[in-house]
Amino acid sequence: MRVEILRTRAEIRKRVRSLRRVGESIGLVPTMGALHEGHASLVRRSVRDNRHTIVTIFVNPLQFGPSEDLAAYPRQLEADARIVEGAGAGILFAPSPPEVYPEGDATFVTVEGLTRGLCGQCRPSHFRGVTTVVAKLLLLASPDRAYFGQKDAQQARVIRRMVLDLGFDAEIVVLPTVREPDGLALSSRNRYLSPEERTRALALSRALAAARACFASGERRAKALLEQARRSLSETPGVELDYLELVDDETLEPIDTVSSAALLAVAARVGPARLIDNVVLGASRVVAAEE
Ligand code: PAF
């Protein structure tokens, strides 16, 4: 099977209409490309759940701040198309910016509350960019299900809220973070790291694991759990912390004690890369990725 590459809104609309006419289910996997095994796991899951899977690749300018890595963000459509095909999806939508943001565009989607903390503090316009583009992709692809990774936990919660509030008829499926054997969460931005920086970056998953072990031994006080993670992080020099927070997994509000599912989330700069990672303490709503 060759993956079919569509470039324009007109093309994707026509293709989706033809699938819908015969009542076939559609899964959507929105990405910014530079695909890795984490994306492949989303695609494989969608292929399993739906008759057709549309993967989108669009480096969305609206979700990058002025001093962020929009220009440097890796673009590799041919290699990505092979990964999409290998994971079993048949349709790849790779629009140019004007197809997504027509000249003079003035319509944006903003989710309040959930976007205030965590990454929203350091990247004030980021989630407005994410929800605007995801809303457009949901409208174009009209999927039954859309797939996101737990690594971007806040993004997944914000998208769920938007889908509920705007009444999109799509189920949002969130799949577990895929990690390297040594614990590093897969990210397109890992490729910015030198071998030495990559070793330093392991401090993030190690800190989360330290707090999780503390939670497993019965600790429920946020202060003690955060202290455990902070101490672990401080053992590695050259990891510049943006935030380390323990929040309610649904509201993303800081908590004092873990009584229901809680999200321990970290963001830090290591060399040229800003990396994020998280772990859920207590019962999680993330779907198990049995493939
Ligand atoms: O997670 C990402 O890659 C992006 O934020 C997304 C959801 C594709 C929107 O551009």
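Atoms within a ligand are numbered from 1 in the order they appear, just like the ligands themselves.
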Looking at Y147, does the NZ or CZ of R45 lie under 6.0 angstrom from its six-membered ring centre and within 45 degrees of the ring axis?
no

Could you tell me which atoms of ligand 1, counted from 1 in the order shown, lie closer than 4.0 angstrom to a heavy atom of [X]?
X    : result
Q155 : 1 (O), 2 (C), 4 (C), 5 (O), 7 (C)
T31  : 8 (C)
P30  : 8 (C)
Q63  : 4 (C), 5 (O), 9 (C), 10 (O)
V133 : 9 (C), 10 (O)

Pairwise distance OG(S41) to CG(L175) - rounded to 0.5 angstrom
5.5 Å

Give, for atom CD1 of I12 and atom OG1 of T56, the distance between the pair rounded to the nearest 0.5 Å.
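So the CD1 of I12 and the OG1 of T56 are separated by 8.5 Å.
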
Donor-acceptor side-chain pairing of R145 and N50 below 3.5 angstrom
yes

If the test is ring pair (Phe, Tyr, Trp, His ring centres under 6.0 Å), which one of Y192, F64, F58 qualifies with Y73?
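So, applying the ring pair (Phe, Tyr, Trp, His ring centres under 6.0 Å) to Y73 and each of Y192, F64, F58, only F64 qualifies.
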
